[in-house]
Amino acid sequence: MRLFGITGWKNSGKTTLMVNIVSELRRRNYSVATIKHAHHEFDIDQPGKDSFRHRTAGASQVIVASSKRWALVKELDQQPEPTLDQLLAKLDPVDFVIVEGFKRSPHPKLAVVRPDHNAEPLPDAEPLLALASDQSINAIDYGCNGPVFPLTDVKQICDFIVENANNDFSA
């Protein structure tokens, strides 16, 4: 499995770029998994659904399964947040794992930069190999020595990911 990250400030367009990258890599016949880091409490369950009711009743793990997919929801209950390495170990093998967030992890990354939304460089995002933006920017101003891609040039961004993704997951 080869790992590459997409990072950036909140509402910078990371998720839209991620979706486009996954679609393009799949179009190229690669298998892809994603991991998204959320900085806030989130819920994939819906109130009133059976699995939500199981969890809110106190189940520490709930699996929902069907003929199309399955999902595991695990409550951490005072346990530390899992590391990226721990989450990677839970994935079935794929060609590429594209990570959204986890800016402090040592995997190669591209940052989405939109100066109109967040003008400040993203701290602690090394190694930052490239940037993608909807504006003309200087990579050095954002702590990057690599190329700056147009945010909408998904094919060129995917070419870069294929060339630079890493299979060394050690932190």
Side-chain angles (χ1 to χ4, degrees), residues 1-40 42 44 68-74 81-171:
M1 294 195 307
R2 300 175 65 207
L3 179 67
F4 198 87
I6 305 299
T7 192
W9 292 106
K10 182 178 180 181
N11 297 323
S12 63
K14 296 180 305 292
T15 300
T16 299
L17 181 58
M18 286 276 297
V19 168
N20 292 333
I21 288 168
V22 170
S23 294
E24 176 63 18
L25 290 173
R26 289 295 298 138
R27 190 191 67 72
R28 297 179 186 196
N29 293 317
Y30 291 114
S31 57
V32 182
T34 65
I35 298 177
K36 177 178 174 48
H37 185 260
H39 290 284
H40 46 79
F42 70 95
I44 62 170
K68 300 286 184 189
R69 69 189 55 88
W70 69 270
L72 167 64
V73 178
K74 180 177 177 12
E81 180 178 337
T83 66
L84 179 56
D85 288 341
Q86 291 169 326
L87 295 171
L88 287 166
K90 296 183 181 307
L91 292 175
D92 292 338
V94 293
D95 295 319
F96 288 94
V97 179
I98 308 299
V99 177
E100 183 177 338
F102 287 96
K103 69 179 179 184
R104 289 184 179 92
S105 293
H107 60 282
K109 298 173 209 58
L110 174 147
V112 177
V113 175
R114 301 191 62 202
D116 290 347
H117 297 329
N118 297 99
E120 295 295 316
L122 194 65
D124 304 325
E126 295 180 9
L128 191 55
L129 302 186
L131 304 177
S133 185
D134 58 353
Q135 299 173 38
S136 178
I137 59 172
N138 183 339
I140 299 296
D141 293 342
Y142 294 91
C144 178
N145 292 321
V148 178
F149 298 106
L151 190 54
T152 57
D153 194 346
V154 177
K155 289 182 180 182
Q156 191 176 5
I157 291 169
C158 283
D159 289 344
F160 186 83
I161 289 171
V162 169
E163 289 176 22
N164 291 279
N166 190 333
N167 61 1
D168 177 13
F169 299 148
S170 58

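Every value quoted in this text rests on a predicted model; they were computed, and no experiment measured them.
In this structure, Ile161 and Ile98 have side chains that are in contact, with non-hydrogen atoms separated by less than 4.5 Å.
Pairs engaging residues 153-164 under the salt bridge (charged side-chain N to carboxylate O under 4.0 Å, His left out) rule: Arg28-Asp159 [sequence neighbours left out]. Contacts classified as salt bridge (charged side-chain N to carboxylate O under 4.0 Å, His left out) and involving residues 86-95 (residues at least two apart or in different chains) are not found. Here salt bridge (charged side-chain N to carboxylate O under 4.0 Å, His left out) pairs that include residues 126-136, with residues two or more places apart or in two chains, are Arg114-Asp134. Pairs of residues two or more places apart, or lying in two chains, that qualify as salt bridge (charged side-chain N to carboxylate O under 4.0 Å, His left out) and include a residue from residues 101-113 are Arg104-Asp124.
Residues satisfying the ring pair (Phe, Tyr, Trp, His ring centres under 6.0 Å) criterion with His117, sequence neighbours excluded, are absent altogether. Judged as a side chain to side chain contact (heavy atoms under 4.5 Å, CB included), and not counting sequence neighbours, the contacts of Gln86 are Pro82, Thr83. With sequence neighbours left out, the side-chain hydrogen bond (donor to acceptor under 3.5 Å, both in side chains) criterion links Glu120 to no other residue. For Lys74, the salt bridge (charged side-chain N to carboxylate O under 4.0 Å, His left out) criterion is met by no residue, not counting sequence neighbours. The side chain to side chain contact (heavy atoms under 4.5 Å, CB included) search around Asn138 returns Ile140, Asp141, not counting sequence neighbours. Checked against side chain to side chain contact (heavy atoms under 4.5 Å, CB included), Asn164 has the following partners two or more places apart in sequence or in another chain: Phe4, Leu129, Phe160. Looking at residues two or more places apart in sequence or on another chain, you find a side-chain hydrogen bond (donor to acceptor under 3.5 Å, both in side chains) between Gln135 and Asp116. Ser23 pairs by the side-chain hydrogen bond (donor to acceptor under 3.5 Å, both in side chains) definition with nothing, not counting sequence neighbours.
Lys36 places no side-chain N or O within donor-acceptor distance of the main-chain N or O of Gly101, the cut-off being under 3.5 Å.
Using modelled atom types and a 3.5 Å distance limit, the side chains of Thr15 and Glu100 yield a donor-acceptor pair.
For Tyr142 against Leu128, the heavy-atom pair with the smallest separation is O-CD2, 3.7 Å. Of all heavy-atom pairs between Phe149 and Ala130, the closest is CE1-CB, 3.8 Å. When every heavy atom of His107 is checked against every heavy atom of Leu84, the shortest pair comes out as ND1-CD2, 3.5 Å.
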